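Just so we're clear, the structure is a prediction, and the values are computed from it rather than from any experiment. Just so it is clear: chains get the letters A, B, ... in the order the sequence lines come, proteins before strands, and each one is counted from 1.
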Amino acid sequence: MTILTETKDGPLVLTPDQVEELGKALDELRDRVVADLGERDREYIYSIIKAQRGFEIAGRGMMYLGFLPPVWLAAVAALSVSKILDNMEIGHNVMHGQYDWMREPGLNSREFEWDTVCPADQWKHSHNYMHHTYTNIHGMDRDIGYGILRMDEGQKWNPYYLGNPLWAFLLMVFFEWGVMLHDAEAENIIQGKRKWSDLKPLVKGWWRKAGRQALKDYVVFPALTGPLFLSTLAGNAAANLVRNVWAYSIIFCGHFPSGVQTFTEEETAEETRGEWYVRQMLGSANISGGKLFHIMSGNLSHQIEHHLFPDIPANRYPEIAPEVRALCEKYGLPYHTGPLSKQIGDVWLKIFKLALPPRFTKNPSSAGVIVMRQRKATEVGV
Amino acid sequence: MVDLIDLVQTLTTPHPLDRYLELVRPTLTVRQMRAEITHVRRSVPGSVTLTLRPTRQWRGHAAGQYVQIGVVIDGVRHTRCYSPVNPEGRRDRHIQLTVKAHPGGLVSQYLHENAVPGMVVDLSPAAGVFRLPEVRPDRVVLISGGSGITPVLSMMRTLADEGYPGELTFLHYARSPEAVPHRAELEAIAERNPRFRIELRYPEQGGGPFDYDELERVAPWFAEAQTYVCGPPPLMDAVRKVYEAEELADRLHSEEFTLSTTPVEADEVHGSTRFSASGARAENTGTSLLEQAEAAGLTPEYGCRMGICFSCTAVRRSGCTRNLRTGETDSDPDQPIQLCVSAAVGDVDIEI
Ligand code: FES
């Protein structure tokens, strides 16, 4: 089996041996990191947890002075930071099993819950299993368009997609609810591919989880501030909104900037481990930035490293990134990265462009990487 | 109280209240029990005696029972069982543990070297059926070897505290007199309780191992007694044989005393896997535990089958498994493992 990568300078051919070699190198990298996990990683995650709890308590506390506009703003900011840390650098990563080796009941992927309306077990199914196993494969990875957007040329256009930018905007604003509904596969239900009764267990989980979340943010905490009920309610809603916009933006930058590759089921049938690695690298994109930015993005700014090693503690991604990048260079593979402004611009451009039927968007401006996995190299004329 | 905790937990949802409190002080938890080490004594070479003050959730122990202690070593929390050596029912709510540093024993070595007053450890409620009955037997034989002394010492101290009117023989096997923990305490008990017979044996310095004659010598009335034994497997076997031969097996109570070591070659394929939640069993074929479970007709949850999604995580109750990705073996009891990238090493118990 051969993997062909079309780069700007022409086709790049990776022989099966090279793919295997690359896979081995990545396996070794993984083993090295896993063997080195210890006290340092524990201290790191606990320092993040302490910071998150601090911001949360500060935010909740300042709501009592919410009648002063600057304090209200500070409260929203603190609470937003708390929710972002909870969801991204803590929740997302803990639920990937990144800290299971610590054997801490509070940091175990099986038990952890996060500060968002989507129940952890449902998210782990749609994300850890579906998305991470079938990354960027059409019809398998439901993160491509989240079932409501057209995010790839491979998705057939229809007039509904004229609303692409609007749907994307709504998804951004209500992101936590979108994530919650993700596992329901609403579009499959509408198309009759899935039965309504399949939803029953999901709905139970939503009620339990989202109910408690809403109760906390929209009833109990506002009520505790007495006369400031509405001010606190608005503040909590604003914090949730900020978190939604941020999480959506970071996550969409992980797989949808231009140049990132998608795959078909045939292409990826009977993949080897090495080929799986190659797909993860071609299907993900990083965001460059400083240390604080990486932490606030849950290190999903290192999406490539995360997709290669989803269960390695996130604070290790910046450390191994140079090695991953060097491997990409060695084999001529692209390593998609860029500042947030560029990546997010790319994403929105794509959202707008793909709203239109394909004949209006011929000749995509940036020549992407095309990966062809064929049984024999000769089949594509090399 | 519980309702109040639930109420406060609405505010900290989705995280349990303890996850906030422990950041302030590790012993401040409302639900999770912990204990603070208050005294550390290293009077016997190779072993350490710790006094612990449990948090308020502690309900005490019955003599002979064990507790689990959790400590963090290089970032990983490890849990081990130890039997308190102090008598049951004390007012001061302390527990005393004597930990022998086994060669290769991660936790025991760690405690031996690092335990200091002020250190906080995880603590589980006392458990185990190896304990004195509420109605004390008229006659009692206690037999122990090495660090198996701890649960029976607790029994003897309890009976001594209660002014036990019956007859008691305590027979302990050790390497040398210096290796017997709490020797001064033993002497004091012997002095105060003329009906207690305390016999120490050192087989390595002459003096044979346990046998019928020895038992007959130190407790000629053993047939009417309840006997409690705890120690290394050869001692347990020897005692069991004598009691079975005498048809007294129902009067013999024992506590398994095993060292958690990896006794077998990791790559050798043998042993069998018990899936304890479903009662199924499978011979080890060297494949992943997920495949073994499926071959045995079970349908455990799974996702990626390549170790990335953690859908297949299940608890390994006992035995040793090898991680197929890293080659690492692990035999800590009650640990969650990923079935799709783990293989059995010898006999294993998986809870699915
Ligand atoms: S099935 Fe995904 S980790 Fe085992």
Side-chain angles (χ1 to χ4, degrees), chain A residues 27 30-31 34-35 37-43 46 49-50 53-54 56-57 60 86 91 95-97 99-116 119-120 124-125 127-134 209 212-213 215-216 219-221 224 273 276 307 309-311, chain B residues 6-24 26 29 31-34 70-79 107 122 124 301-316 323-328 330 332-338 340-341:
Chain A
D27 275 340
R30 180 178 191 281
D31 290 351
V34 168
L37 295 179
E39 194 56 44
R40 175 156 75 92
D41 306 271
R42 180 187 188 86
E43 273 165 23
Y46 273 111
I49 290 173
K50 277 192 189 142
R53 304 287 202 254
E56 177 172 15
I57 291 165
R60 303 281 184 201
D86 177 285
M95 289 192 287
H96 260 296
Y99 297 95
D100 276 16
W101 56 272
M102 279 170 50
R103 301 178 180 172
E104 282 299 333
L107 291 176
N108 186 287
S109 61
R110 288 190 311 160
E111 290 163 38
F112 195 85
E113 266 294 356
W114 52 351
D115 186 2
T116 163
K124 278 185 283 182
H125 178 259
H127 182 85
N128 285 13
Y129 169 37
M130 298 305 284
H131 170 59
H132 272 273
T133 313
Y134 305 113
K209 185 71 204 299
R212 280 186 83 96
Q213 286 290 129
L215 183 71
K216 166 180 84 159
V219 180
V220 180
F221 272 113
L224 283 175
R273 177 140 190 89
W276 183 84
H307 261 268
F309 313 115
D311 60 345
Chain B
D6 274 344
L7 208 68
V8 178
Q9 229 151 239
T10 311
L11 301 179
T12 63
T13 192
H15 309 297
L17 185 56
D18 282 350
R19 298 285 89 81
Y20 286 79
L21 294 174
E22 69 188 358
L23 298 178
V24 181
T29 49
R31 290 265 158 82
Q32 205 170 348
M33 187 156 62
R34 299 228 162 102
V71 290
V72 176
I73 304 170
D74 194 20
V76 184
R77 189 170 290 283
H78 295 272
T79 313
V107 174
D122 274 4
S124 73
E301 214 180 295
Y302 67 84
C304 64
R305 303 185 78 102
M306 58 193 290
I308 58 165
C309 74
F310 287 75
S311 306
C312 62
T313 307
V315 175
R316 176 193 58 226
N323 185 317
L324 295 167
R325 298 175 78 181
T326 60
E328 221 170 77
D330 184 23
D332 274 11
D334 299 330
Q335 288 307 321
I337 56 164
Q338 290 164 281
C340 69
V341 287

What part of [X] gets within 4.5 angstrom of chain A, counting heavy atoms only: side chain, backbone, both, or neither?
X: Arg305(B); result: neither
X: Glu328(B); result: neither
X: Thr13(B); result: both

Next on the checklist: How about OH on Tyr302(B), more than 12 heavy atoms from neighbouring residues, nucleotides or ligands closer than 6.0 Å, or not?
Outcome noted: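 No, the 6.0 Å shell around OH holds no more than 12 heavy atoms from other groups.
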
Checklist entry - Has Glu39(A) got more than 12 heavy atoms of other residues, nucleotides or ligands less than 6.0 Å from its CD? => result yes

Close side-chain approach of [X] and [Y], heavy atoms under 4.5 Å:
X: Met102(A); Y: Arg77(B); result: no
X: Val107(B); Y: Ile73(B); result: yes
X: Glu104(A); Y: Tyr99(A); result: no
X: Ile49(A); Y: His15(B); result: no
X: Tyr20(B); Y: Val8(B); result: no

Given the options [options], which has more heavy-atom pairs under 4.5 Å with chain B than any of the others?
options: Lys209(A), Glu43(A), Glu113(A); answer: Glu113(A)
options: Arg42(A), His125(A), His131(A); answer: Arg42(A)
options: His96(A), Lys124(A), Met130(A), Glu111(A); answer: His96(A)
options: Glu56(A), Arg60(A), Arg40(A); answer: Glu56(A)

Next on the checklist: side-chain contact (heavy atoms from CB on, under 4.5 Å), that's the test. Do Arg30(A) and Asp311(A) meet it? Break it down for me.
Outcome noted: CA-CA 10 Å; Arg30(A) 180 178 191 281; Asp311(A) 60 345; 2.8 Å; yes

[X] versus chain B, the contacting section by heavy-atom distance below 4.5 Å:
X: Trp114(A); result: backbone
X: Asp31(A); result: side chain
X: Arg212(A); result: both
X: Leu224(A); result: side chain
X: Asp27(A); result: neither
X: Arg273(A); result: side chain

Item to check | Option in Cys309(B), Pro16(B), Gly70(B) with maximal non-hydrogen atom pairs under 4.5 Å from chain A | outcome: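 Counting heavy-atom pairs under 4.5 Å, the top option is Cys309(B).
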
Item to check | chain A contacts, top residue of Thr10(B), Thr313(B), Thr326(B), Val72(B) (heavy-atom pairs, under 4.5 Å) | outcome: Val72(B)

Item to check | salt bridge (Lys or Arg N to Asp or Glu O under 4.0 Å) assessment of Asp334(B) paired with Arg103(A) | outcome: CA-CA 11 Å; Asp334(B) 299 330; Arg103(A) 301 178 180 172; over 6 Å; no

Checklist entry - Given Arg34(B) and Asp18(B), is the salt bridge (Lys or Arg N to Asp or Glu O under 4.0 Å) satisfied, shown in steps? => result CA-CA 11 Å; Arg34(B) 299 228 162 102; Asp18(B) 282 350; over 6 Å; no

